[in-house]
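Just the heavy atoms: all of them, side chains too, but no hydrogens, waters or symmetry mates, feed the values below. One-based numbering, in listed order, for ligands and for the atoms of each. Quick caveat, the model's predicted, so the values are computed rather than measured.
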Amino acid sequence: MHLQSKTQLCAGPKAFRAPAPLIRPFRTARNMASAAAGGAAKPTVLVAEKLGGAGLEMLEKVANVDCAYSMTPEELYAKVAQSDALIVRSATKVTRQVFEAAKGRLKVVGRAGVGVDNVDLAAATEYGCLVVNAPTANTVAAAEHGIALLCTLSRNVSQADASMKAGKWERNKYVGVSLVDKTLAIMGFGKVGGEVARRARGLGMIVTAYDPYASEEKARAQGVRLVSFDEALQIGDFFSLHMPLTPGTKKMFNDAAFAKMKKGARIINVARGGVIDDDALARALDAGIVASAALDVFEEEPPAFEGHPLIGRPNVICTPHLGASTTEAQEGVSTEVAEAVIDALQGKLSSTAVNAPLVSAEVLRELAPYVALSEGLGKAAVTLVSDQGFSDISICYSSPRGDDLDTRLLRAMVIKGILEQITTSNVNLVNADLLAKNRGLRISEVTIRTDGSDVLSSLSVALGTGKAVFSAAVDKTGRIYVEGGVKNGTPYLTKVGGFDVELAMQGSVLLCRQRDQPGIVGNVGMALAKSNINISFMTVCRTSRNEEAIMAIGIDDEPTGQTLIDIKDVKGVVEVAVFKDY
Ligand SMILES: NC(=O)c1ccc[n+]([C@@H]2O[C@H](COP(=O)([O-])OP(=O)(O)OC[C@H]3O[C@@H](n4cnc5c(N)ncnc54)[C@H](O)[C@@H]3O)[C@@H](O)[C@H]2O)c1
Ligand SMILES: O=C(O)[C@H](O)COP(=O)(O)O
């Protein structure tokens with residue numbers, strides 16, 4: 001779309017079409033299907049760690065799947081430059097260098113599991129690469145492994161088994177402790193923590209949990225008492241760790257934490273190795289504060305066995321990160337991640353996006369018609385900006401939902417619509433906010449509660465700027481103002497500056513400001529006819545009789561420079577703008 005003023009032809013930004021994909025797609029859905037049928041080139045999905053067969057089959061229907069396991073970092077760098085998607089588990093470190101090496105080709109990283117601490121999310125966001133995970137399919141497997149370790153630890157199963165395999169019969173050495181009526185402190189009461197809690201209650205344990213973000217209601221419903229970190233440390237007989245590894249949880253089990261525990265506590269970690277300070281745990285084991293530990297995860301994987309402070313101790317049992325390793329969980333994560341990666345390659349927003357506005361499938365469905373409107377209004381507004389630029393973006397949502405409206409997706413699309421016209425960067429939902437911030441743009445949002453049954457009655461975008469290339473687009477407050485809505489699934493521009501218009505955001509449109517006087521509409525129509533340009537629709541809006549008016553004309557072909565000069569020469573025409581391929 002571009003605009004041309006009466007006095008100055010303005011080479012505008014590139015054309016835009018609606019509806020637009022949420023993430024820059026490899027191909028459209030139709031092309032993906034035709035690619036699947038052997039037509040156009042398929043995207044390439046690099047699978048860097050073993051993935052379940054069901055997910056691979058889904059991917060193979062729409063993409064070239066390159067399974068390359070145990071790659072060195074250099075091999076990975078070379079491969080990602082040839083790949084549109086990368087799928088990993090926890091062993092592959094998806095670092096900033098990986099995104100740099102991809103040179104913009106990588107559109108999505110799929111984590112076939114829940115923890116994304118092996119992916120540099122900040123770098124992914126900067127490079128506009130979506131990161132998706134498979135957050136639910138391995139929850140039960142991880143919880144079951146936690147319970148398996150809890151039982152094994154309390155009854156010395158691993159040590160007794162090793163002893164028997166060594167030809168010994170040591171019944172007195174391996175007397176265990178009972179679980180019933182013991183307090184289990186669940187540290188991190190999320191999906192896995194919640195499943196562990198349910199199972200532990202079944203074992204007759206008293207279950208408490210520490211999680212600063214957990215809901216009291218959920219805890220109460222499960223018969224779990226939420227406690228502070230310190231209280232958990234003081235009362236727990238067993239600790240089961242289930243928080244993510246973040247800067248805030250790193251080494252949270254350190255000397256100070258162990259010092260607060262009851263003597264003889266037992267600890268199970270199926271979360272992430274990094275949440276425990278290994279040397280501190282070794283000291284706590286030596287001091288008898290911790291009686292025994294069961295570890296499935298390690299700060300470095302595989303760990304350096306030689307001289308490791310914990311592995312090899314008789315009161316520490318270890319498994320090689322097996323929490324998610326059941327046949328069922330691996331098939332589950334493979335399809336969960338494949339679905340998310342395919343969605344992303346088709347330009348859709350996955351509900352398991354980690355570094356983009358997380359919008360539930362339900363919200364996504366109801367907001368879908370407004371996504372193209374938001375992006376279109378962003379594009380329309382920025383196209384009206386003169387070379388003086390702008391610094392503020394104000395978005396106003398009029399909705400019967402009022403403040404309950406989830407605006408994150410719409411806001412991101414408005415920003416995407418704006419930024420795509422003024423930057424060469426690949427702007428998408430993932431990096432739109434960040435790129436706007438980096439450009440020093442201030443964004444404000446207001447939601448006005450209205451009557452009606454539609455999710456959104458109208459949406460407006462105003463850009464704080466002194467000047468517009470089409471001066472009628474500037475409202476009374478001096479901002480470029482566009483407003484729109486959705487009718488029968490089609491986005492419409494309904495207001496430009498102070499003028500009401502009725503303009504489907506499709507095809508090319510000529511906007512013309514003129515004095516309200518007889519003959520202008522006909523003369524502009526003649527000028528278009530002279531160039532053999534067909535008119536598809538037309539609306540006129542005036543402030544009041546004989547004063548100013550705006551005419552919006554849908555045109556089948558783009559006017560040439562001469563046609564525009566002819567239109568501008570029509571007596572009474574003040575300024576003209578063309579929205580190309582709206
Ligand atoms: N061993 C395995 O194979 C395996 C399998 C699945 C999950 N995991 C790991 O288990 C952990 C939990 O997974 P999930 O699916 O339950 O995730 P989740 O996001 O559902 O739950 C994590 C919980 O931790 C809480 N939390 C965040 N910061 C905390 C803090 N400082 N202190 C206490 N709690 C905090 C969150 O509020 C959330 O409720 C993750 O680290 C994940 O990577 C490991
Ligand atoms: O975060 C996870 O999903 C688990 O730790 C599983 O990791 P894995 O896919 O490497 O087994």
Side-chain angles (χ1 to χ4, degrees), residues 47-52 55 69-70 87-94 109-119 131-149 185-198 208-219 222 224 226-233 236 239-254 257 268-276 294-299 301-302 318-334 336-337 352 354 358:
V47 179
E49 289 177 68
K50 196 159 170 18
L51 190 69
Y69 308 145
S70 310
I87 295 184
V88 298
R89 284 180 64 184
S90 59
T92 308
K93 305 288 170 243
V94 189
V109 172
R111 161 65 168 109
V114 59
V116 285
D117 43 287
N118 54 323
V119 181
V131 179
V132 294
N133 68 350
T136 61
N138 68 21
T139 299
V140 165
E144 287 177 349
H145 197 62
I147 294 290
L149 291 179
I186 293 187
M187 312 300 276
F189 190 54
K191 295 185 295 294
V192 179
E195 290 299 322
V196 168
R198 284 203 309 133
T208 59
Y210 164 67
D211 186 327
Y213 314 106
S215 105
E216 276 284 353
E217 212 178 309
K218 175 190 161 190
Q222 284 195 237
V224 173
L226 284 182
V227 295
S228 68
F229 185 55
D230 279 3
E231 186 179 351
L233 294 177
F239 291 85
S240 195
L241 314 190
H242 302 292
M243 66 279 289
L245 177 61
T246 63
T249 61
K250 194 162 187 215
K251 295 193 196 292
M252 67 188 282
F253 293 89
N254 50 25
I268 297 121
N269 188 7
V270 291
R272 281 294 179 265
V275 302
I276 295 180
L295 310 173
D296 181 48
V297 283
F298 301 86
E299 193 169 5
E301 292 185 355
C318 300
T319 49
H321 201 151
L322 290 181
S325 295
T326 62
T327 313
E328 296 83 354
Q330 284 313 304
E331 281 302 288
V333 291
S334 78
E336 199 175 13
V337 79
T352 68
V354 173
L358 226 179

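When side chains are defined from C-beta on, Lys191 does not count as touching Glu195, because their heavy atoms never get closer than 4.5 Å. The side-chain heavy atoms of Arg89 and Arg111, taken from C-beta on, include a pair separated by under 4.5 Å. Counting heavy atoms from C-beta outward, Ile186 and Val224 have side chains that stay 4.5 Å or more apart. Contact of the Val297 side chain with the Val270 side chain is not registered, since no non-hydrogen atoms from C-beta on lie closer than 4.5 Å. Side-chain contact between Glu216 and Leu226 is present, with at least one heavy-atom pair separated by less than 4.5 Å.
Ring orientation note: the planes of Phe229 and Phe253 are nearly perpendicular, at an angle over 60° on the 30°/60° scale.
With a 6.0 Å radius and a threshold of 12 heavy atoms from other residues, nucleotides or ligands, Lys93 has its NZ atom above the threshold. For Lys250, the NZ atom counts as loosely surrounded, since its 6.0 Å shell holds 12 or fewer non-hydrogen atoms of other residues, nucleotides or ligands.
Checking Asp296 against Thr319 by side-chain atom types alone, a donor-acceptor pair falls below 3.5 Å.
Protein residues are said to neighbour a ligand when one of their heavy atoms lies under 4.0 Å from it; for ligand 1 these are Val114, Gly115, Asn138, Ala142, Gly188, Phe189, Gly190, Lys191, Val192, Tyr210, Asp211, Pro212, Tyr213, His242, Met243, Pro244, Thr249, Met252, Val270, Ala271, Arg272, Asp296, Val297, His321, Gly323, Ala324.
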Atom pairs, nitrogen or oxygen, ligand 2 to protein, under 3.5 angstrom:
| residue | atom | partner | partner atom | Å |
| --- | --- | --- | --- | --- |
| ligand 2 | 1 (O) | Arg111 | NH2 | 3.0 |
| ligand 2 | 1 (O) | Gly115 | N | 2.8 |
| ligand 2 | 1 (O) | Arg272 | NH2 | 2.7 |
| ligand 2 | 3 (O) | Arg111 | NH2 | 3.4 |
| ligand 2 | 3 (O) | Val114 | N | 2.6 |
| ligand 2 | 3 (O) | Asn138 | ND2 | 2.8 |
| ligand 2 | 5 (O) | Arg272 | NH1 | 2.8 |
| ligand 2 | 5 (O) | Arg272 | NH2 | 3.1 |
| ligand 2 | 5 (O) | His321 | NE2 | 2.6 |
| ligand 2 | 7 (O) | Arg111 | NH2 | 3.0 |
| ligand 2 | 7 (O) | His321 | NE2 | 3.4 |
| ligand 2 | 9 (O) | Arg89 | NE | 2.9 |
| ligand 2 | 9 (O) | Arg111 | NH1 | 3.0 |
| ligand 2 | 10 (O) | Ser90 | N | 3.1 |
| ligand 2 | 10 (O) | Ser90 | OG | 2.4 |
| ligand 2 | 11 (O) | Arg89 | NH2 | 2.7 |

